[in-house]
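Atoms within a ligand are numbered from 1 in the order they appear, just like the ligands themselves.
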Amino acid sequence: MARVLIVGAGLTGSLCACLLRREMPDKVKLVVWDKARGSGGRMSTSRNPDNASSLVDLGAQYISASSYYAQSHRSFYEELLAHGVLEPLDAPVEGMLDKAGTINYVTPLGMSSIVKHFLKESAGAELFFNRHVTSLFQKGASWEVHRKGGEWEEFDAVVLTMPVPQILQLQGDLGKLLSASQKELLETVSYSSRYALGLFYPPAAHIDVPWAVNYVANNACIRYIAIDDRKRSRESPDCGPSMVVHTSVPFGLQHLEQDKEAVQPLILEELNKLLPGLPQPRSVKCHKWRYSQVLASVPDCPGQMTLHAKPPLVCGGDGFIHSNFDGCVESALRVFDVLKASL
Ligand SMILES: Cc1cc2nc3c(=O)[nH]c(=O)nc-3n(C[C@H](O)[C@H](O)[C@H](O)COP(=O)(O)OP(=O)(O)OC[C@H]3O[C@@H](n4cnc5c(N)ncnc54)[C@H](O)[C@@H]3O)c2cc1C
Ligand SMILES: *[C@@H]1O[C@H](CO)[C@@H](O)[C@H](O)[C@H]1NC(C)=O
């Protein structure tokens, strides 16, 4: 059995794991490492510290299926709908660019539940958190993968799913394995940056706006506000409202190197100007997305890049296609094709 390491328990990594478990159960032994404390990656969901049934999606907000992908990724949509992971968006949205034929879905249990679903479907894969890969070395027919803390393990194949700049930061043999043209292509990939706030209000609080989601126009700081439990049609009087605020990309860039503790009050001040009379939140969570959405992906890329054929070292993720659910699904399918052909 080939020992395969998947680096990253975001959507791309977890779907790769799921496809490998489903299609090649007798051929691979799967290990997933993520540097974070939990799964989800940029499909990140936080819980209200006072009531775990109230959530905020700090990263991705909903799944938008174009008519093309609704068809070509139909089995994935059907699976997620059948398991209740996805539901059609049924709440008032202001200012969203409506694309003809696109269907929007929300996740009753938060966006990370999509990733958790695919990890659950990868039964048998060993999943480890707090494992931060720092370098890779080729040792004959295998990869020696080192992580923070100095420990290392050997694998027969490695899949990297972190944002491309973080792939380029890896030490070891990667520098000499990359061809000049691959390096050049990877260096063209760029991401937007933004901050996200998750706010939890006390049970009696009321947020008096006629929408669940608002794309804010003409504000230098704030680009997006969601009354998050309302977005997923799960508002309850027993638990206060939850809210998500995303900053604009220029604001994110301008404050990129500052501590989030210093930036959070600036965003809150702007929020209170936009929605005067807003109640006091009970708790606030601030997250800096240095790599938010892909602005420029690897040009003409079919969803993966094979850095080394034998032993396989394959990269995937939204940087190799485009930044949404269907981009990651497509990338996971292409990474799977490469591994299937080589293992
Ligand atoms: C603010 C925001 C809003 C968005 N809105 C939407 C939306 O509405 N709809 C939509 O479809 N998409 C949206 N997206 C994009 C979507 O979230 C991403 O395309 C998708 O989640 C990317 O998944 P991934 O698995 O490729 O990468 P990631 O989710 O980034 O996963 C990579 C994982 O690798 C881990 N990792 C990184 N480096 C290492 C290392 N050295 N060692 C070990 N682990 C490591 C990370 O912890 C992470 O868990 C949004 C993203 C953001 C940030
Ligand atoms: C938490 O919220 C749910 C509804 O979202 C509610 O039914 C429940 O009573 C709340 N629990 C507490 C401890 O407040």
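Evaluated by nearest non-hydrogen atom to atom 13 (C) of ligand 1, the leading choice among Ser135, Ala60, Ala65, Gly327 is Ala60. Of the candidates Leu5, Leu11, Asp34, it is Asp34 that places a heavy atom closest to atom 48 (C) of ligand 1. Taking only non-hydrogen atoms, the option from Ser323, Ala332, Gly59, Ser331 nearest to atom 3 (C) of ligand 1 is Gly59.
For the ligand labelled ligand 1, residue Cys328 lies inside the 4.0 Å heavy-atom shell.
Ser142 and Glu144 share no side-chain donor-acceptor pair at under 3.5 Å. Side-chain contact annotation: Asp228 with Ser242, donor-acceptor N/O pair under 3.5 Å absent. Asn130 and His132 share no side-chain donor-acceptor pair at under 3.5 Å. The closest side-chain donor-acceptor pair between Ser54 and Asp229 falls under 3.5 angstrom. No side-chain donor from either of Tyr62 and Asn324 sits under 3.5 Å from a side-chain acceptor of the other. In summary, the side chains of Gln293 and His322 do not present any donor paired with an acceptor at a separation below 3.5 Å, with no hydrogens or angles considered.
Put simply, the side chain of Tyr224 never gets that close to the backbone of Ala196: no donor and acceptor are under 3.5 Å apart.
Annotation: ligand 2 has protein neighbours Asn51, Ser53, Ser236, Asp238, Cys239, each with a heavy atom less than 4.0 angstrom from the ligand.
Of the polar atoms of Lys35, at least one N or O is found under 3.5 Å from an N or O of ligand 1, judged by distance alone. An N or O contact shorter than 3.5 Å is missing between His246 and ligand 1 by distance.
Ion pairing between a basic and an acidic side chain is recognised when a charged N comes within 4.0 Å of a carboxylate O; Arg3 and Glu153 show such pairing. Between Asp337 and Lys340 there is no salt bridge, since none of the side-chain N atoms of the basic residue sits less than 4.0 Å from a carboxylate O of the acidic one.
Of the protein's non-hydrogen atoms, the one nearest atom 25 (O) of ligand 1 is Thr12 N, 2.9 Å. Scanning the protein for heavy atoms near atom 51 (C) of ligand 1, the closest one is Gln293 CG, 3.8 Å. Ranking protein heavy atoms by distance to atom 31 (O) of ligand 1, first place goes to Gly10 CA, 3.7 Å. Remark: minimum distance from atom 9 (N) of ligand 1 to any protein heavy atom is reached at Tyr62 O, 2.7 Å. For atom 37 (C) of ligand 1, the closest non-hydrogen atom of the protein is Met162 CB, 3.3 Å. Counting protein heavy atoms only, atom 41 (N) of ligand 1 is closest to Val133 O, 3.0 Å. Arg42 N, 2.7 Å is the protein heavy atom nearest to atom 29 (O) of ligand 1. If you check which protein heavy atom lies closest to atom 11 (O) of ligand 1, you get Phe325 N, 2.9 Å.
Atoms of ligand 1 lying under 4.0 Å from any heavy atom of Asp318, numbered from 1 in the order shown and given with element: 18 (C), 19 (O), 22 (C), 26 (O). In the vicinity of Arg131, heavy-atom distances shorter than 4.0 Å reach the ligand 1 atoms 42 (N), 43 (C). Taking a cut-off of under 4.0 Å to the non-hydrogen atoms of Gly317, the atoms of ligand 1 that pass are 26 (O). Of all atoms in ligand 1, numbered sequentially from 1 with element shown, those under 4.0 Å from a heavy atom of Gly8 are 33 (C), 34 (O), 35 (C). Taking a cut-off of under 4.0 Å to the non-hydrogen atoms of Ser292, the atoms of ligand 1 that pass are 1 (C), 2 (C), 51 (C), 52 (C), 53 (C). Using a 4.0 Å cut-off to heavy atoms of Met43, the atoms of ligand 1 that qualify are 21 (O). With ligand atoms numbered from 1 in the order given, ligand 1 contributes 27 (O), 32 (C) to contacts under 4.0 Å with heavy atoms of Thr161. Listed by atom number, the atoms of ligand 1 under 4.0 Å from Gln61 heavy atoms are 5 (N), 6 (C), 7 (C), 8 (O).
The part of Gln166 lying near ligand 1 is the side chain, judged by heavy-atom distances below 4.0 Å.
Checking Tyr77, Tyr105, Phe118 one by one against Phe325, the ring-ring contact (aromatic ring centres under 6.0 Å, His included) holds for a single residue, Tyr77. Checked against Trp33 for a ring-ring contact (aromatic ring centres under 6.0 Å, His included), the options Trp152, Phe155, Phe129 give a single hit: Phe155.
Other members of a hydrophobic cluster containing Leu109 are absent, since no ILVMFWY side chain comes under 4.5 Å of it, directly or through relayed contacts.
Considering only heavy atoms from C-beta on, Asn104 comes within 4.5 Å of Met96 through its side chain. Between Val263 and Thr247, the closest side-chain pair of non-hydrogen atoms is not below 4.5 Å. Lys231 is listed as a side-chain neighbour of Gln61, based on a closest heavy-atom distance under 4.5 Å.
Remark: Pro49 engages Phe200, Ser283 in a side-chain contact (heavy atoms from CB on, under 4.5 Å) (not counting sequence neighbours). Under the rule for a side-chain contact (heavy atoms from CB on, under 4.5 Å), the partners of Glu126 that lie at least two apart in sequence or sit in another chain are Lys29, Val31, Phe128.
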